[in-house]
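I have placed the structure first, in the form of structure tokens, so that the comments after it can refer back to it.
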Amino acid sequence: MGAAVELIAGSYEQITLGYTVNTDEEEWTAKAEFTHHAHTASVSAVAANERFVVTGSKDETIQVYDMKKKVEHGSLLHHDGTITCLEFYGTSHLLSGGEDGLLCVWSAKKWECIKSIKAHKGHITSLSIHPSGKLALSVGTDKTLRTWNLVDGRSAFIKNIKQNAHIVRWSPDGEKFVVVIDNKVDIYTMETATVLGTVTNPKRISTVKFLNNSILAVAGDDENVRLGDVDKATWVCEFKAHETRVKAVDSLTMEDYCLLVTASNDGFIKMWKIHLKEELEPPTLLGEVNTAARLTCLALRRPSSVQQVSEEPAPGAASSKEHPQELSKTKRVHIAAEVVVLEEESKPKKKKTNSGKQ
């Protein structure tokens, strides 16, 4: 049996879509696993770890889904504005950034806000956690790149980059990072925080992903995906991925190749096999799924086999193979200041008297 892979995508239609990929056949197929309509505005960010999926939205909420129990775990209400970025650090922590300029550190065990940092004067547009888990980078509409010490929640370094960057990403080894401004990728070294080189995309960039320490996948407002060598600051491969612009890319390292997944405005999610060798060749299309939605964001997850085997189906879960199930609702989580209030779904909502979200 092939490795289990799940695709999670967010959409303009407020829906989060989940697919399980059958990797056993020559042509991979994706079966609709669930759809969830927990947001009241378009889904703007998604992240996943072994156990949980989180989505952020223009409705200012973060929704948490327990993929082991197949239930909606709750809502995180701390941001005042669109959630722009979400990233897990393993199974222990989640970082969120929003248009309110807040960078929030959440416990992914108790789902409480451990730290809330006013990180930027404008919006936070992107964040990235260092592989060590001790540092994070953020960029925002105040034209700064900021480094955060996650141990004490303080700013470690501020760099004025003179333009509004909208993406920042660490390399897997944490020795380099990239900052995206419009259609330009600046490659930095961690040691000196200086630009090593720059690659320029023909159109505005919407998504980047390190496939390994040297190869970066870049896509944006056209139908192509380009692979760049960050050590040489040059493009090494380009291929047409979709019929319209590519909104999101993600990847997983498989046995002897890299799985690259692309999502587009045209509603398609496509899965590609790339052999990361000295001379890069265009990838092979493994399979695709038409979601019939206008996709905004994408995350891949590889569930552990133990979870898959040991877990009983959730009560009331749909057993039909044709129809994806709606995730069961359990409880809501309200965050007021740094306090976590759990409300059971059956209990009437109490009127808030503190200064939390109205």
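Just the heavy atoms: all of them, side chains too, but no hydrogens, waters or symmetry mates, feed the values below.
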Mind listing the closest non-hydrogen atom pair of [X] and [Y] along with its distance?
X      : Y      : answer
His39  : Thr55  : NE2-OG1, 2.7 Å
Ser107 : Ile114 : N-CD1, 3.5 Å
Ser171 : Pro131 : O-CG, 3.8 Å
Ser128 : Val168 : CB-O, 3.5 Å
Lys240 : Glu243 : NZ-OE1, 3.4 Å

Is the number of heavy atoms from other residues, nucleotides or ligands within 6.0 Å of NZ (Lys176) greater than 12?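 Yes, the 6.0 Å shell around NZ holds more than 12 heavy atoms from other groups.
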What do you reckon, is NZ of Lys162 surrounded by more than 12 foreign heavy atoms closer than 6.0 Å?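 Not buried by this count: 12 neighbours or fewer within 6.0 Å.
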Any pair with a residue in residues 187-200 that passes side-chain hydrogen bond (donor to acceptor under 3.5 Å, both in side chains), sequence neighbours left out, goes on the list, sorted by first then second residue, please.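 The answer is Asp186-Thr198, Thr192-Thr194.
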Listing request: all ring-ring contact (aromatic ring centres under 6.0 Å, His included) pairs with a residue in residues 121-143, at least two apart in sequence or in separate chains.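 Passing the test, one end in residues 121-143: His130-Trp170.
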Applying salt bridge (Lys or Arg N to Asp or Glu O under 4.0 Å), name anything that partners Lys277, two or more places apart in sequence or on another chain.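 Partners of Lys277 by the salt bridge (Lys or Arg N to Asp or Glu O under 4.0 Å) criterion, ordered by chain and then number, come out as Glu281.
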Answer yes when Lys209 and Asp250 have at least one side-chain N-carboxylate O distance shorter than 4.0 Å, and no when they do not.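 Yes.
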Pair Tyr65-His36, ring pair (Phe, Tyr, Trp, His ring centres under 6.0 Å): steps then yes or no: CA-CA 10 Å; Tyr65 312 105; His36 200 52; 5.0 Å; yes
For a ring pair (Phe, Tyr, Trp, His ring centres under 6.0 Å) check, start with the C-alpha distance between Phe239 and Trp272, then their side-chain angles and the critical distance, and finish with the verdict. CA-CA 11 Å; Phe239 64 97; Trp272 309 85; 4.9 Å; yes
Any side-chain donor paired with an acceptor under 3.5 Å for Arg301 and Asn49?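 Note: Arg301 and Asn49 side chains miss the donor-acceptor criterion.
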